[in-house]
Amino acid sequence: MSKRYWLMKCEPGAYTIADLERDGTTGWEGVRNYQARNFMRDDMRVGDGVLFYASNADPSGVTGLATISRAGYPDPFAARQGHDYHDPKHTTEKPIWFSVEIAFVERFANVIPLATLKETRGLEKMMVNQPGSRLSVQPATKREFEIVSRIGRR
DNA sequence: GCCAACGTTGGC
DNA sequence: GCCAACGTTGGC
């Protein structure tokens, strides 16, 4: 399978592109949505492109680029008693929740606000532009990834 | 902080 | 398996 592209959301209070720039890589834990889980477990491959999206931000939007540096593996926090991400139904033998690891690629000088994404030609079909779309891990097309990257660099 | 949209839970 | 109640997400 050739390289795929993704958009991954995170609230700035939890993690930002600046944090990723500092850390180099980070585990993407705590996703508790089956559709997003399926993407992480089944479809993400090392080298895939990631649009890093800040949600609930001012303004919300794409703040930089990352890449998948480790494909899906059981979410280590899901099995940890007392952890916020603990889920009693998840066991190491039968994991339910999955993480990936992402690596820093680029931090945009300016955030690309959601409003800009919405008014950019070629991005009409992006999931994040659809009303009511709350999925925190979304597929994107190569073309969408390239358009957003170009805006981020100017 | 509001609230609409969406996902999940659980009684029946 | 339906569906109401509830919790969460996330733009505004």
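Numbered from 1 within each chain, the chains take letters A, B, ... in sequence-line order. Please read these numbers as outputs of a predicted model, since none were measured by experiment.
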- Check the distance between C:dG11's C1' and A:Asn129's CG and give it to me in whole angstrom. 13 Å

- Among C:dG10, B:dT9, C:dG11, the nucleotide that comes nearest once only the side chain of A:Leu114 is considered: C:dG11

- Item | Rounded interatomic separation in angstrom, taking CZ from A:Arg134 and C1' from B:dC6 | 4 Å

- To the nearest angstrom, how far is A:Leu7 atom CG from C:dG10 atom P? 10 Å

- In whole angstroms, the gap separating P of C:dT9 from OH of A:Tyr34 amounts to 15 Å

- To the nearest Å, give me how far apart CD1 (A:Ile96) and C1' (B:dT9) are. 14 Å

- Task: Could you say whether A:Gly132 or A:Asn56 is positioned toward the 5' end of DNA chain B, judged by the nucleotide with the nearest heavy atom to each?
- Result: A:Asn56

- Rounded off to whole Å, could you give me the CH2-to-P distance for the A:Trp97 and B:dG7 pair? 13 Å

- Checking A:Thr67 side chain against A:Ala103 main chain: does a donor-acceptor pair fall under 3.5 Å? no

- Task: Name the orientation class of the two ring planes belonging to A:Phe52 and A:Trp28 (parallel below 30°, tilted from 30 to 60°, perpendicular beyond 60°).
- Result: perpendicular

- Provide, to the nearest angstrom, the distance between the CE atom belonging to A:Met127 and the C1' atom belonging to B:dA5. 15 Å

- Task: Using a cut-off of strictly less than 4.0 Å, decide whether A:Lys9 has a side-chain nitrogen or oxygen near OP1 or OP2 of C:dT9.
- Result: no

- Message: Under a 3.5 Å cutoff, is there a donor and acceptor pairing between the side chains of A:Asp23 and A:Thr26?
- Response: no

- A:Arg4 and A:Asp43: CA distance, side-chain angles, deciding distance, side chain to side chain contact (heavy atoms under 4.5 Å, CB included) verdict: CA-CA 8 Å; A:Arg4 301 196 204 203; A:Asp43 299 326; 3.9 Å; yes

- Query: OP1, OP2 of C:dG10 versus side-chain N and O of A:Ser60: anything below 4.0 Å?
  - Reply: no

- Query: Reckon A:Tyr53 has a side-chain N or O less than 4.0 Å from the OP1 or OP2 of C:dG11?
  - Reply: yes

- Message: Between P on C:dT9 and CD on A:Gln35, what's the gap in Å once rounded to a whole number?
- Response: 15 Å

